[in-house]
Amino acid sequence: TSGFAGVSSSYEIKLCSFFVNRNQFGMFLVVSIFLFEFAFSSNRSWYKKIVLVLLLTNLLLTFSRGSMISVIFFYIVRYTYNHNILQNIKQYLKVITVALIVLIIILYVPWIENFMKTMVIRVDTGTAGRIDVWLMGLNVASHNIINGIGSFTGIDLAIKKGFEFGQFHNLYIDTLVGGGIIELILLLIIYRKAFEA
């Protein structure tokens, strides 16, 4: 294809940095954004804004739905937690207004609507067999649930059982396979610290 203009599906784009695939790159960016927000929580400088824009742009270009949903959910919960919007009607109305404006833009600007449908949401692919992939990941993780068996060992073990992919398409299951409950708890601690920052 000749750049993004000739792309009809996000599956034609292979933006994955040095990771095995774009979903792993997306998961890396999710954790990077959480850590960045935690480390620079009180910083409102232009430097923070530029780095955050770069991280979010890279995340969008991975077209990893799970990663994008994780970041959106993170910011919604963080904003709710920090502004106590359930008891602050002005903040609550502000959030609803912004959400409605974004929704209207998506629905009434044809090229944005088309981009969201074909490149981001990808309704036609659904879960793309993800549930079976997740179940395989959980099965592999059960071999050493405490401290994991390592990402590559986990994939090798899954391949011996007929698995056809290079990852389990879920940040939490990949973490569980690689480092077990210990690594998963550390990841959740990072999330909590980032929410509170």
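Any value given below was found using the heavy atoms of this structure, including those in side chains, with hydrogens, waters and symmetry copies removed. Counting from 1, the numbers follow the sequence of the chain as shown.
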Check your understanding: Step by step, would you call Phe168 with Leu176 a side-chain contact (heavy atoms from CB on, under 4.5 Å)?
Key -> CA-CA 10 Å; Phe168 298 109; Leu176 203 57; over 6 Å; no
**Study point:** Minimum side-chain heavy-atom gap Val51-Phe40 below 4.5 Å
**Key:**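 Side chain of Val51 against side chain of Phe40, heavy atoms only: no contact under 4.5 Å found.
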From [X] atom [atom1] to [Y] atom [atom2], the distance as rounded to the nearest 0.5 Å:
| X | Y | atom1 | atom2 | answer |
| --- | --- | --- | --- | --- |
| Ile155 | Lys160 | CD1 | NZ | 13.0 Å |
| Ile146 | Asn144 | CD1 | CG | 7.0 Å |
| Leu29 | Asn58 | CG | CG | 5.5 Å |
| Leu60 | Ser67 | CG | OG | 11.5 Å |
| Leu187 | Asp174 | CG | CG | 11.0 Å |
| Glu37 | Phe74 | CD | CZ | 5.5 Å |

Path from [X] to [Y] over hydrophobic side-chain contacts below 4.5 Å:
| X | Y | result |
| --- | --- | --- |
| Trp46 | Leu55 | yes |
| Val31 | Val53 | no |
| Ile69 | Met27 | no |

Review point. Which pair of heavy atoms, one from Val177 and one from Ala141, lies closest together, and at what distance?
Key: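 Closest approach of Val177 to Ala141, heavy atoms only: CG2-CB, 3.9 Å.
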**Study point:** Ser70 to Val30 - nearest heavy-atom pair and separation
**Key:**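 So the minimum-distance heavy-atom pair works out to CB-CG1, 4.1 Å.
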Practice item. Establish, yes or no, whether a centroid distance under 6.0 Å links the rings of Phe34 and Phe38. Key: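 No, ring centres 6.0 Å or more apart.
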Exercise for review: Test Lys161 against Asn139 for side-chain contact (heavy atoms from CB on, under 4.5 Å), laying out the working first.
Suggested key: CA-CA 10 Å; Lys161 296 181 178 185; Asn139 181 273; 2.6 Å; yes
Exercise for review: Check the pair Leu59, Thr62 against side-chain contact (heavy atoms from CB on, under 4.5 Å), reporting the backbone distance first and the verdict last.
Suggested key: CA-CA 5 Å; Leu59 180 67; Thr62 65; 4.3 Å; yes
Review point. Would a distance-only check, ignoring hydrogens and angles, find a side-chain to backbone donor-acceptor pair under 3.5 Å from Thr153 to Gly150?
Key: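 Between the backbone of Gly150 and the side chain of Thr153 there is no qualifying donor-acceptor contact (under 3.5 Å).
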Review point. For the residue pair Phe25 and Phe28, does the interplanar ring angle fall in the parallel (under 30°), tilted (30 to 60°) or perpendicular (over 60°) class?
Key: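 Parallel.
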